[in-house]
Each structure stands twice: as structure tokens, then as C-alpha cells.
Number of protein chains: 2
Amino acid sequence: MITLPDTASPLYEKVKDYILANIGTGRWGKDRKLPSENELVASLGVSRMTVHRALRELTSAGFLIRLQGVGTFIAPPRPQSTLIEINNIAAEIVERGNRHRSEVLVLETIMPAKELALSFEFAKRVSIYHSVVVNFENDLPVQLEERFVNPSLIPDYDKQDFSKTATYDYLMQKTPVTEVEHIISAIPADAETARHLGIDVGACCLFLHRRTWTGAVVATISKLTYAGSRYSLGSRYSPSKSS
Amino acid sequence: MITLPDTASPLYEKVKDYILANIGTGRWGKDRKLPSENELVASLGVSRMTVHRALRELTSAGFLIRLQGVGTFIAPPRPQSTLIEINNIAAEIVERGNRHRSEVLVLETIMPAKELALSFEFAKRVSIYHSVVVNFENDLPVQLEERFVNPSLIPDYDKQDFSKTATYDYLMQKTPVTEVEHIISAIPADAETARHLGIDVGACCLFLHRRTWTGAVVATISKLTYAGSRYSLGSRYSPSKSS
DNA sequence: CTGGGTTAAAAGTATATACATGTATGTATG
DNA sequence: CATACATACATGTATATACTTTTAACCCAG
């Protein structure tokens, strides 16, 4: 019978701490199999639901792997991963104490080309919104933002004044994002990009391709080009604090 | 009385889906306050524990905010964020069914320059390990990997044969990472990088700067340069499934 | 020895119940 | 009018119980 510490934290947290403390110490053998829920119930003197909650939360935090009918195991060391917050660029600029301004180059309704319609996973051709906006930080262009928007989810997209409301803010209000895909690459600026961002043709740019889903439907496709030398994406992440 | 769909998924998932479907539709008023647990119990005909679990998981996924004694509210729109898995490049290449090979260019002990010592947050100058490795995918160089390693945490780093074990694998075995910082940018290849990666000087490269911590101590600093046209970082992320 | 059914054990889910804890509100009292 | 208390209501936690689903091991018949 093990006695858990007499602190103020809830019981399931104490059970989590107890288990975490025993992970990696070799206490649970070379097959890394934990005691069953019922064994933990017996040894810790708490109810099975409490043990189950602790184990479930540690599992969703990536520390454990559970197999129904088999048992609970210590998860293999996780790959390095990081939460990159790809923020609203307007908010980011303001947060740095600088002035944000945007300039709308294009705001139209188009019939998508075949490749684009494929990206939207459309069965048949329907028209979509298309916008191109340049974002400035203190009158210096830093990001070229091209967006394609599914009108069935965001019907009034073309009625907005995006020199006032950031496109990002508008979209986030309108539709809940259930899934996001990002592809980050480095590309040389083409003539048009170079002109809009005020950089040389062929200069290095960070290019971010994003698709967002609302349910099973692709809501938006964004192509964000960051003026290379003026921008980078950063993040700091504590794996252990994600539980 | 609302009837939940008659699917195979567990009840608490149906409750989560029901709540998610009603977020953003304005169904829950301009103060964005959800019905209380007991009201949901009455309207959905499930037990309070099941409703509670659904609400708790949606809260930890960031969709809701709960205040004890007050109620449950729709969380303000989150910044779009994504989990970028910056994987072991060797594993990634193998997973694509290709052949991975690496070539060690440098493996030495050096006294860090001032800037580097600062990055390590060293109080006084101590020597560190320095390695430069090129990673090949089917004999095509794709990544230049420069690493600086804190010898107090990984004392045998320079004894390894990194043409056999990937540096990543070795480091992951040796030290638990408690915190990671990434900075991603796009840079033109300098002469040396261009030579090692077999690309033109000035060609666009994705550049990833990573620092990892073990406790309060900086364990490693990595500078990874990806041959631009040959590589991109991708991710797909479901916010609702991160509970 | 092999195949198949039985059984035991493990995690997964769902409920009813109880009590704890935090917040807002209304009311009585000074 | 203001403070303090009581109260109602919200979420938070803990337990006992029951049933389900999945897996592995065992035993037995062929």
C-alpha cells in the first residue's frame, strides 16, 4: 500500500505524479508495462475511475500507450516536435509596438483552375473568392497574403473592407477551424512578389501554404509569402507542459 | 429533448460533436455562454459525468473556458497554431522508402565564440562539441546539419560514429528534452553551404535554428539548412483531437 | 500438432450519487 | 447604506457499480 503525498492538489494529479515519477526509473521492468488499473487501485487505495482518469490524461499527453485488452505501456521517447504559433500577422506587428497597415490588391470572385479546385476537394466546379493583400509593418511590406475562400462557408467575404479588418480576424470570427495543414518552404521571389514586397527578384522568401477545414469541407487556402530577410517564424515549446 | 446521432462513436464524442456544431452558429447568444451541465443533462438525456467529460475535453482542447461557480463559455478565437513535427530526418527519409546516408564533415571540440556562448547561456567560457554532417536522400544531399552540444550533459558526443547512428537518435537517447525553441527562416545559400548541398550560391534554403533545454541548461544548438527546392516542412493538425 | 471455442483479464464507457469548491445574489442586520 | 451571512447554482472531484469491447491465453477435440 503506497501513500500519496498529502498536498492540496486533486487526487488524480497525485496519481499522475506518482506514475510520472516511476517512468524512466526502470521500476516497471524492461517491457515497460505498468500495473493494471485494478492493481493500481489496490496499491494506491483510490477508485478505478480516478486511476483511469490519471492514465487517460497521461496517455493523451503522450507519456503512455494503452491497448485495450492488453495493458498500459510507457511510450517510446517522443520525436522532437514543437507548437509553431502562426499568428495573425497584424496582431504580431502591433505586439512588437509597430504600426500595421494592409493594402488590398485584389478582391474578386473567380472560377478556380483545375489544380485549385482539386485543393479545395470540390467535386464540381464552383466559383470561389480570391484576395491578395500586402501587409506592412511601419510602411515596410513584410508579407504578401493570397487567400482563396470557400463561399459556401463564408458567404460575405467579398463584402469586407480588409484595409480595416484583418482578413485573419474576419475568417476566425466566421468559421470554426477543425483542421489545419501547413507546408513551409523557401522560395525565390518572382517578379510580382518582388514588386509588392519591395525586394529583388530571386530573393529568398519564406513561403507558407495553409489549408483550413471546417468539418470535412476545405474552408480557406492561404499562400503567405514573407519577405525573407525581414521575417522568420519562431516558437518555444515545453513538451512536458502539454498535458 | 435532443436526440444525438445513432453512430458507433462513444457517447461523450457525440456530445462533443453536438457542442462543437453549435459553437459559432450564434446559438448560444452574444455572451457565448453555454447551457450548464445540468441543463445539457436534461436536454441530451445523458449523465452529468458524460457531459462533464465532453466539456472537460473541449476545454483542454481550447474551445471552451470554464469558470467554477460561473459557467462555460466559448473561448475567444485562438491564434491558428499547428504542431510541426520536425522529425529525425533519417527516419523521415526511410519512411518515404528512400535510402538515408550521412557524411561527417566535422567532429571536434571548440571554445565557443562569444555569441555562441551567449546562446548557451554560459556564465563562463567552457569548451563544447561541434559537428557538421550532411544528410543524403538517395545520394542527393538534402540537409546540412550543424550542431553544438553541451559536454556537461552529453559527455561522449565526440566518441560517436555518426555515419552509423543519426545524431538525432543519439541525442534523444542521452538526454530528456524539457524545452525546445525553433526559429525558421529563409536564407540564401553561402558558398560553403552551396558546395555541400550541391546547389547554387544564393539559392533559397529553409533554415531552422533549434535550441533544446534539459532543465535550465541549454543542451544543444542545431542549425539545419534544407536545400530549398528539395525540401519543405509540413504538418496537419486537428485542434479538436488534441485533448 | 493444429484449429477453434472458451475464458480470463485488461482497458473503455456510462451512470448514479455524493460531496467539495468557487461565485453571484439576495437579504437581514447593524 | 454597507457589511455579513445565507443561499442557490455552477463547476470540480471522488467513488461504486455495471456493462462493453478487445486481446491473449488456455484447453480440448480432431
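In what follows, every chain begins at residue 1, and chains take the letters A, B, ... in the order their sequences are listed.
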Enquirer: Contact class for B/Leu67 (heavy atom, under 4.0 Å): base, sugar-phosphate, or nothing?
Expert: sugar-phosphate
Enquirer: Atom NE2 of A/His52 and atom C1' of C/dA14: how far apart are they, to the nearest Å?
Expert: 11 Å
Enquirer: Side chains of B/Asn38 and B/Ser36 only: does a donor on one sit below 3.5 Å from an acceptor on the other?
Expert: no
Enquirer: Should A/Arg53 and B/Arg53 count as side-chain neighbours, where that means a heavy-atom distance under 4.5 Å?
Expert: no
Enquirer: Can you tell me how far P of C/dT13 sits from NZ of B/Lys16, to the nearest Å?
Expert: 10 Å
Enquirer: What is the separation between atom CZ on A/Arg56 and atom P on C/dA14, rounded to the nearest whole Å?
Expert: 11 Å
Enquirer: Let me know, please, whether B/Ser36 or A/Thr50 comes out on the 5' side of the other along DNA chain D by nearest nucleotide.
Expert: B/Ser36
Enquirer: Relative to B/Phe136, does B/Arg101 satisfy both conditions: NZ or CZ under 6.0 angstrom from the six-membered ring centre, and within 45 degrees of the ring's axis?
Expert: yes
Enquirer: Under a 4.5 Å cut-off applied to non-hydrogen side-chain atoms, are A/Leu206 and B/Leu206 in contact?
Expert: yes
Enquirer: Return the value, rounded to whole Å, for the distance between atom CD of A/Glu37 and atom P of C/dT13.
Expert: 11 Å
Enquirer: With a 4.5 Å cut-off on side-chain heavy atoms, are B/Ser222 and B/Leu208 touching?
Expert: no
Enquirer: Within a strict 4.5 Å, meaning less than it, do heavy atoms of the B/Trp28 and B/Pro35 side chains meet?
Expert: yes
Enquirer: Taking the side chain as every heavy atom from C-beta outward, state whether A/Phe63 and A/Ile19 have any atom pair closer than 4.5 Å.
Expert: no
Enquirer: Could you verify whether a donor N or O on one side chain and an acceptor N or O on the other, from A/Glu146 and A/His130, lie under 3.5 Å apart?
Expert: yes
Enquirer: I'd like to know if B/Arg56 pairs up with A/Glu57 as an ion pair, taking the criterion as any Lys NZ or Arg NE/NH1/NH2 lying under 4.0 Å from an Asp or Glu carboxylate oxygen.
Expert: yes
Enquirer: Going 5' to 3' along DNA chain D, which are the first and last nucleotides with any atom under 4.0 Å from a heavy atom of chain B?
Expert: D/dA10 to D/dA14
Enquirer: Mind checking the CG-CD1 spacing from B/Asn22 to B/Ile2? Nearest 0.5 Å is all I need.
Expert: 7.5 Å
Enquirer: Mind running a 4.0 Å heavy-atom check of residues 41-49 of chain A against DNA chain D and sending the residues that fall below it, in number order?
Expert: A/Val46, A/Ser47, A/Arg48, A/Met49
Enquirer: In terms of the nearest nucleotide of DNA chain D, which residue is placed more toward the 5' end: B/Gln68 or A/Val70?
Expert: B/Gln68
Enquirer: Among residues 2-15 of chain B, which ones have heavy-atom contacts with DNA chain D below 4.0 Å?
Expert: none
Enquirer: Would a 4.5 Å heavy-atom cut-off, applied to side chains only, mark A/Thr50 and A/Leu44 as touching?
Expert: no
Enquirer: With a 3.5 angstrom cut-off on both distances, give the Watson-Crick or G-U wobble partner of C/dG22, or none if there isn't one.
Expert: D/dC9
